[in-house]
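The structure appears below as C-alpha cells.
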Amino acid sequence: QVQLVESGGGLVQAGASLRLSCVASGRAFSRNTMGWFRQGPGKEREFVADITWNGGVTTYTESVKGRFTISRENAINTVYLQMNNLKPEDTAVYYCAAAPFPGSRRSDYSYWGQGTQVTVSS
C-alpha cells in the first residue's frame, strides 16, 4: 500500500513558478515509478510527467516540456514537480500517482493522492 499527499499548489500569475511536492508513505516508494497528472475544469485527467524508480528516466507531455521538471528523493519518499513559466492553461488540480512501471495512462497507476489546486491567472 502507498498513500500519497500532495502540496504546493496555489494561485499565481502567468510566468510565475510553483513547486509541487508529493510525500508517500509505504515501504514500496523507492521501487515505484511516480507520475503527475492534472485535470483542468471540464477536462479529462491527463498525464503530465513521470519518473522511474531511480530517477534515471523522465517523460513529459509535450505541452510542459522545457517548463516542468519532475524529480524525486527516495530517502524522504518525496517526488516533486517544478513548474516554471506557468500559463493559464496549466490551471488544474494536480495529482501524484504511483505505478509499478513507467506509463502515461491513468490505468497504469495504482495509487493516487487527493490532488492540489494550481490556478494561473493571466
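Everything numeric here is computed off the predicted structure, so don't read it as measured data. We number each residue from 1, following the sequence as shown. Side-chain atoms are counted along with the backbone in the values below, which use heavy atoms only and exclude waters and symmetry mates.
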*asked:* Determine whether a donor-acceptor pair (N or O, by modelled atom type, separation under 3.5 Å) exists between the side chain of Asn32 and the backbone of Met34.
replied: no

*asked:* Using every non-hydrogen atom in the two residues, find where Gln1 and Gln3 come nearest and quote the distance to one decimal.
replied: CB-NE2, 3.7 Å

*Would you tell me whether Thr33 and Asp50 have side-chain atoms, one donor and one acceptor, within less than 3.5 Å of each other?*
no

*Starting from the C-alpha separation in whole Å, work towards a yes-or-no answer on side-chain contact (heavy atoms from CB on, under 4.5 Å) for Leu81 and Thr69.*
CA-CA 6 Å; Leu81 186 67; Thr69 303; over 6 Å; no

*Look at the side-chain heavy atoms of Ile, Leu, Val, Met, Phe, Trp and Tyr, link any pair under 4.5 Å apart, and say whether Val23 and Ile51 land in one connected group.*
no

*asked:* Is it the case that the side chains of Thr78 and Glu73 hold a donor-acceptor pair, with the cut-off being a distance below 3.5 Å and no angle test?
replied: no

*From Lys87 atom NZ to Ser122 atom OG, the distance as rounded to the nearest 0.5 Å*: 13.5 Å

*Do you reckon Val12 sits in the same ILVMFWY cluster as Tyr80, going by side-chain contacts under 4.5 Å, direct or chained?*
no

*Taking every non-hydrogen atom, the tightest pair across Tyr60 and Ala49*: CD2-CB, 3.5 Å

*Who pairs with Ser110 by side-chain contact (heavy atoms from CB on, under 4.5 Å), at least two apart in sequence or on another chain?*
Pro100

*Heavy-atom distance under 4.5 Å between the side chains of Thr52 and Thr58, does that happen here?*
no

*asked:* Using 0.5 Å steps for rounding, measure from the SG atom of Cys22 to the OH atom of Tyr94.
replied: 15.0 Å

*Roughly how far, to the nearest 0.5 Å, is the SG atom of Cys96 from the CD atom of Glu6?*
5.5 Å

*Which heavy atom of Leu4 sits nearest a heavy atom of Ala24, and at what distance?*
CD2-CB, 3.5 Å

*Report yes or no: does Glu46 contribute a side-chain atom to a donor-acceptor pair with the main-chain N or O of Arg38 at less than 3.5 Å?*
no

_Could you go through Val118 and Thr91, starting from their C-alpha distance and side-chain angles, then the distance that decides it, and tell me whether this counts as side-chain contact (heavy atoms from CB on, under 4.5 Å)?_
CA-CA 5 Å; Val118 172; Thr91 295; 5.9 Å; no

_Could you see if Tyr109 belongs to whatever hydrophobic cluster contains Val2? Use Ile, Leu, Val, Met, Phe, Trp, Tyr and a side-chain cutoff under 4.5 Å._
no

*Within 45 degrees of the axis of the six-membered ring of Phe29 and under 6.0 Å from its centre: does Arg72 put its NZ or CZ there?*
yes

*What residues form a side-chain contact (heavy atoms from CB on, under 4.5 Å) with Arg106, not counting sequence neighbours?*
Phe37, Arg45, Trp112

*asked:* Would you say Val79 ends up clustered with Leu20 if hydrophobic residues are merged whenever their side chains have heavy atoms under 4.5 Å apart, either directly or through other cluster members?
replied: yes

*Tell me yes or no: between the side chains of Thr119 and Gln117, is some donor less than 3.5 Å from an acceptor?*
yes

*Separation of Asp90 CG from Ser63 OG (nearest 0.5 Å)*: 7.0 Å

*For the hydrophobic clusters of this structure (ILVMFWY residues joined by side-chain heavy atoms under 4.5 Å, transitively), does one cluster hold both Val93 and Phe68?*
no

*Ser71 and Gln82: side-chain contact (heavy atoms from CB on, under 4.5 Å), yes or no, with the steps?*
CA-CA 8 Å; Ser71 61; Gln82 176 67 43; over 6 Å; no

*In plain terms, say whether Asp108 and Arg105 are close enough for a salt bridge, that is, a side-chain N and a carboxylate O under 4.0 Å apart.*
yes

